There are 2 protein chains.
Amino acid sequence: MGMSDIIASFIKDILDQTNGIAELQRSELAERFKCVPSQINYVISTRFSPEHGYIVESRRGGGGYIRISRVAGTKKQLVMQMINAAGYELDVSTASAFVSNAFNNDLIDRRDAKLIMAVLGDNALKAIPTELRNSARADIFKHIMINLIA
Amino acid sequence: MGMSDIIASFIKDILDQTNGIAELQRSELAERFKCVPSQINYVISTRFSPEHGYIVESRRGGGGYIRISRVAGTKKQLVMQMINAAGYELDVSTASAFVSNAFNNDLIDRRDAKLIMAVLGDNALKAIPTELRNSARADIFKHIMINLIA
DNA sequence: ACCGATTTGACCAACACTGACCAATTATCG
DNA sequence: CGATAATTGGTCAGTGTTGGTCAAATCGGT
């Protein structure tokens with residue numbers, strides 16, 4: 001068990017004690033574990049991604065922070081299934097199927113569904129080179145899904 | 001929450017109590033919050049910009065003032081203004097200003113606002129090369145806005 | 001030895017705050 | 001009336017404080 005696992009479990013302990021929200025200072029964490037600050041980013045990106053069921057927000061500058069939220073609730077199972085089923089690439093028709101599924105399972109209403117498909121459609125993503133579009137769509141989809149149950 | 005946030009919320013309180021018009025004296029505000037006068041300008045330019053939905057007028061000399069007004073308009077007008085103002089490139093902080101403006105004008109609720117910012121944030125757009133991200137963000141933002149009035 | 005995961009550090013970006021200097025407007029005095 | 005002083009806000013570049021990125025170096029297991 002390396003340092004990254006130790007840091008990750010420290011963060012999870014905080015989440016357990018705070019109803020699923022951890023507000024951290026990167027430099028303070030790095031100091032506590034005697035590592036470089038960027039290792040905190042590594043831990044977060046490898047262990048607290050949407051695939052793992054977390055939302056991460058941050059702010060720079062004075063009073064900056066990193067906030068990690070663990071989502072919960074009855075809809076979590078379904079959402080996590082979709083996020084993991086999406087994989088690293090997501091084309092429009094598959095995305096559309098996921099969104100229909102989310103609608104049928106009362107995860108989102110009709111209005112949300114329209115909005116989400118507007119975001120995931122090729123029109124909205126035309127500034128992205130074709131060969132990158134499906135991976136960008138997958139990322140965006142995952143962030144939408146995880147935020148739906150936050 | 002730093003001093004700038006405190007000053008901003010003080011101004012917003014005034015706006016709430018005065019039908020959307022706050023007339024302030026820079027030096028008096030600076031004195032009240034024990035900061036340098038130029039910090040007032042900083043607060044105004046970072047939190048009361050046109051993107052945030054405000055108009056700022058001022059006058060120097062004896063009897064000088066800074067007047068901050070909330071912009072009004074129909075939902076469709078607001079949406080069209082934002083789409084036009086977004087242009088071809090949209091950075092995260094400008095996007096954030098637009099979204100909070102949309103929220104303040106009841107175009108979207110708090111949940112929508114969070115969802116939209118999750119989509120427009122750098123995390124969700126990681127798969128897009130940095131130099132293309134702002135144009136992709138602008139496209140996505142416009143599609144969202146259009147959808148709000150469709 | 002190879003390969004993925006981890007660790008590191010140099011460089012970057014965002015946000016907050018400050019102070020010296022500038023500009024505009026009004027008040028006062030001769 | 002006109003010059004000058006007083007009063008008010010504006011600008012901008014600099015400093016400090018945080019977090020982010022990326023690629024090279026290292027570690028550990030097969």
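So that the names make sense, note that chain A is the first sequence line, chain B the second, and so on, each numbered from 1. Below, each value reflects all heavy atoms present in this structure, side chains not excepted, and no hydrogens, waters or symmetry copies. Since the structure is predicted, the reported quantities are computational estimates derived from the model, not experimental observations.
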Interatomic distance where [atom1] belongs to [X] and [atom2] belongs to [N] [whole Å]:
X	N	atom1	atom2	answer
B:Asn123	D:dT21	CG	C1'	12 Å
A:Leu24	D:dG20	CG	C1'	15 Å
A:Tyr65	D:dT17	OH	C1'	15 Å
A:Glu23	D:dT18	CD	P	14 Å
B:Ile44	C:dC17	CD1	P	15 Å
A:Asp5	D:dC27	CG	P	18 Å
B:Phe33	C:dA16	CZ	C1'	16 Å

Below 4.0 angstrom from OP1 or OP2 of [N], is there any side-chain N or O of [X]?
X	N	result
A:Ser58	D:dG20	yes
B:Ser4	C:dC17	yes
B:Gln25	D:dT8	no
B:Thr130	D:dT21	no

Would you mind telling me which of [options] lies closest to the side-chain atoms of [X]?
X	options	answer
B:Arg26	C:dA16, C:dC15, D:dG9	D:dG9
B:Ile66	C:dT7, D:dG9, C:dC17	D:dG9
B:Met3	C:dC15, D:dG20, C:dC17	C:dC17

Do A:Ile140 and A:Leu90 come close enough that some side-chain heavy atom pair is under 4.5 Å?
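Side-chain contact under 4.5 Å: no.
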Could you tell me how the ring of B:Phe141 sits relative to the ring of B:Phe98: parallel (under 30°), tilted (30 to 60°) or perpendicular (over 60°)?
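Ring orientation, 0 to 90° scale: parallel.
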Between B:Glu28 and A:Asn41, which residue's closest nucleotide on DNA chain D lies nearer the 5′ terminus?
B:Glu28
For B:Gly64 and for A:Gly63, find the nucleotide of DNA chain D with the closest heavy atom, then tell me which residue's nucleotide is more 5'.
B:Gly64
Answer yes when A:Asp106 and A:Lys75 have at least one side-chain N-carboxylate O distance shorter than 4.0 Å, and no when they do not.
no
Ignoring hydrogens and geometry beyond distance, is a side-chain donor-acceptor pair present between B:Asn105 and B:Arg70 at under 3.5 Å?
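Checked: B:Asn105/B:Arg70 side chains show no N/O donor-acceptor pair below 3.5 Å.
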For A:Ala124 versus B:Asp139, what's the shortest heavy-atom pair and its separation?
O-CB, 3.4 Å
Tell me every residue that passes side chain to side chain contact (heavy atoms under 4.5 Å, CB included) with A:Met80, counting only those two or more places apart in sequence or in another chain.
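If we apply the side chain to side chain contact (heavy atoms under 4.5 Å, CB included) test to A:Met80, skipping adjacent residues, the hits are A:Lys76, A:Ile83, A:Asn84, A:Ile146.
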ILVMFWY cluster, B:Leu24 and B:Ile44 together (side-chain gap under 4.5 Å):
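Linked within one cluster.
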B:Leu148 and A:Arg111: side-chain contact (heavy atoms from CB on, under 4.5 Å), yes or no, with the steps?
CA-CA 9 Å; B:Leu148 288 181; A:Arg111 181 169 164 275; 3.9 Å; yes
Is the Lys NZ or Arg CZ of A:Lys114 less than 6.0 Å from the centre of A:Phe103's six-membered ring, within 45° of the axis?
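Output no; distance or angle outside limits.
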Quantified as the angle between the terminal helix axes (five pairs each), what is the overall bend of the helix from C:dA1-D:dT30 to C:dG30-D:dC1 to 10 degrees?
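Rounded to the nearest 10 degrees, the bend comes out at 10°.
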The contact string for nucleotides 18-25 of chain C, one letter per nucleotide 5' to 3', using protein heavy atoms under 4.0 Å with B, S and - for base, sugar-phosphate only and none, comes out as BB---BBB
